[in-house]
**Student:** 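My questions will all concern the structure given below.
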Protein chains: 2
Amino acid sequence: MRENTIERGSGVALWRQIADRIRLGIADGSLAVDGKLLPETRLAAMFGANRHTVRSAIAALEQEGVVQAKQGRGTFIRRTRRISYALGSRTRFSSNLEGQAKEVLSTLLKADTIKADASFAEVLGISLGAPLIRLDILGQADGQSVSCATHWFDGERFKDFESHYAQTRSITATLRHYGISDYVRRQTSVTARHAEGEVLSQLGLAPGAIVLVAKAINETPDSIAFQLSETLFPADRVELTVNRYPK
Amino acid sequence: MRENTIERGSGVALWRQIADRIRLGIADGSLAVDGKLLPETRLAAMFGANRHTVRSAIAALEQEGVVQAKQGRGTFIRRTRRISYALGSRTRFSSNLEGQAKEVLSTLLKADTIKADASFAEVLGISLGAPLIRLDILGQADGQSVSCATHWFDGERFKDFESHYAQTRSITATLRHYGISDYVRRQTSVTARHAEGEVLSQLGLAPGAIVLVAKAINETPDSIAFQLSETLFPADRVELTVNRYPK
DNA sequence: ATCCATTTGTCCGTATGTATG
DNA sequence: TCATACATACGGACAAATGGA
């Protein structure tokens, strides 16, 4: 659908660019023939690179669990489709992935209380330095990490949020405990960057992988913002969708 | 807001990772003090890297036009905020950027007719191999490239689309000529990857830059899909937003 | 059972890019 | 600017495994 060129000598290693391209080529089927990747020599010719370089790319993909090479037989594809995550007014993690994965799991990675800085305070309508609850939650679908989210809540309004969350393992249920029976997403903004730091291991990504970054504001039906969040999605495993009629 | 770590030996050169981080740091203000970037030694300490490496990163950003280093004075920031592009039912390029840029420009890069493959044919309800009009359009705001879109239309329904577009320079106006006075976006899916090939020069990006990829389906009010598009946005210049009430 | 083409795996050496001090 | 260490990329040669003729 787009170009064939690979850019050399500048920041991103050839093998990594090729790995990205192969991952895409597997997804849209252009580089795969019945469950098998095209041979290394073919790929090398297509990308205008040395076979060794292609091998490095394949080794990285093997590390990620995308493919598995077998001597004398070829390189077999292990995982293919991308999960769709819908961005809408009623965005909820687990219900969002229903039908796409058999098993959907949320794990609390970290919970603590920090002080609100200016930008948080303004959006949430609290004072500068007021307590702010921060939760880090890992989302998995069928044993594969698909998201890593940080959520922020007003620490005074939601006292002991962590303990309620620990019991229910659901943000929606915990909010209900505080009298919020319904909420909607005021805004989501999306951008992308390289994954870095601890999220690499949390999401099981190879260094240099790209993550989608979705920042969201949730509000009650009377338009009071009560939650901010920043969620990272591995760009090769997840696509975000915006549909005509948000449920 | 997130980690400080930089990953070495991993496909993406340190200087490029640092350049990406500095670009972000400029956008959110965390690495800039009144129009100036923090000194190289400070940055080197923050990233746990050598000053030479930070200098390489800054040189790349200078090449991109993001900053300008002046001997003895510091490194000055030339461009800063990210443009917000709203994804909604009524997504139109130029009206979308109103208020964010003084000058919004669309340039036709290429127009041709190809044959529909299976996936295009199915969504557009045309037959396999039927003519498909393809337009490549560059979007600029205040002299800066912000998007590079490929649009596909049914070649039989929209005969001579290119020439009408050339006159009006507007897809909305051209569609009106074919009796489509209104249309909405059925779906947008978003993912991200490294920019590659000719879009690098079209968008004025450094190799290795990340682009958001938005694939969209537009339909008439009676739910007939008539247009597919794939738009690339430089992730460091644009954020995509989804709002509560799509206009 | 043997040969052959295909395909991945391993080893050598060399040149250039990246990162540090 | 220099020196050093390691990562990246290339080229060639050959070994090892596979499956079909």
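Hydrogens, waters and symmetry mates are skipped; everything else that's a heavy atom, side chains included, is used. Below, chain A is the first sequence line, B the second, and so on; all start at residue 1. None of these values were measured; they are calculated from a predicted model.
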**Student:** Just to verify, what does D112(B) make a salt bridge (charged side-chain N to carboxylate O under 4.0 Å, His left out) with, not counting sequence neighbours?
**Tutor:** R134(B)
**Student:** Could you work out which one of dG11(D), dT10(C), dA19(C) sits closest to the side chain of T53(B)?
**Tutor:** dA19(C)
**Student:** Report the residues that fulfil side chain to side chain contact (heavy atoms under 4.5 Å, CB included) with A111(B), sequence neighbours left out, ordered by chain and then residue number.
**Tutor:** L108(B), L135(B), E162(B)
**Student:** How many whole angstroms separate atom CH2 of W15(A) from atom C1' of dT8(D)?
**Tutor:** 10 Å
**Student:** Among residues at least two apart in sequence or on other chains, which ones pass side chain to side chain contact (heavy atoms under 4.5 Å, CB included) with A216(A)?
**Tutor:** R185(A), T188(A), S229(A)
**Student:** Whether R55(A) contacts dG9(C) is assessed here as follows: a side-chain N or O lying under 4.0 Å from the phosphate OP1 or OP2. Is that the case?
**Tutor:** yes
**Student:** Out of dT20(C), dA9(D), dT8(C), which nucleotide sits closest to the side chain of N50(B)?
**Tutor:** dT20(C)
**Student:** In whole Å, what is the span from the CG atom of L43(A) to the C1' atom of dT8(C)?
**Tutor:** 12 Å
**Student:** Figure out the CZ/P separation between F76(A) and dT18(D), and round it to whole Å.
**Tutor:** 11 Å
**Student:** Show the distances under 3.5 angstrom between N or O atoms of the protein and N or O atoms of nucleotides 3-7 of chain C.
**Tutor:**
none

**Student:** So which nucleotide from dA19(C), dT8(C), dG12(D) ends up closest to the side chain of H52(A)?
**Tutor:** dG12(D)
**Student:** Could you check whether any side-chain heavy atom of T53(B) comes within less than 4.5 Å of a side-chain heavy atom of F47(B), counting everything from C-beta outward?
**Tutor:** no
**Student:** dA9(D) C1' sits how many Å from R16(A) CZ, rounded?
**Tutor:** 16 Å
**Student:** Quick one: does any side-chain atom of T191(A) pair with a main-chain N or O of A235(B) as donor and acceptor, under 3.5 Å?
**Tutor:** yes
**Student:** Would you please name every residue forming a salt bridge (charged side-chain N to carboxylate O under 4.0 Å, His left out) with E239(B), sequence neighbours left out?
**Tutor:** none
**Student:** What is the distance, to the nearest angstrom, from the CD atom on Q17(B) to the C1' atom on dT18(C)?
**Tutor:** 12 Å
**Student:** Run the salt bridge (charged side-chain N to carboxylate O under 4.0 Å, His left out) test against R23(A) and tell me which residues pass, sequence neighbours left out.
**Tutor:** D20(A), E64(A), D236(A)
**Student:** Round to a whole Å and report the spacing from CD1 of I18(B) to C1' of dT18(C).
**Tutor:** 12 Å
**Student:** Does any donor-acceptor pair link the side chain of R51(B) with the base of dG21(C) at a separation under 3.5 Å?
**Tutor:** no
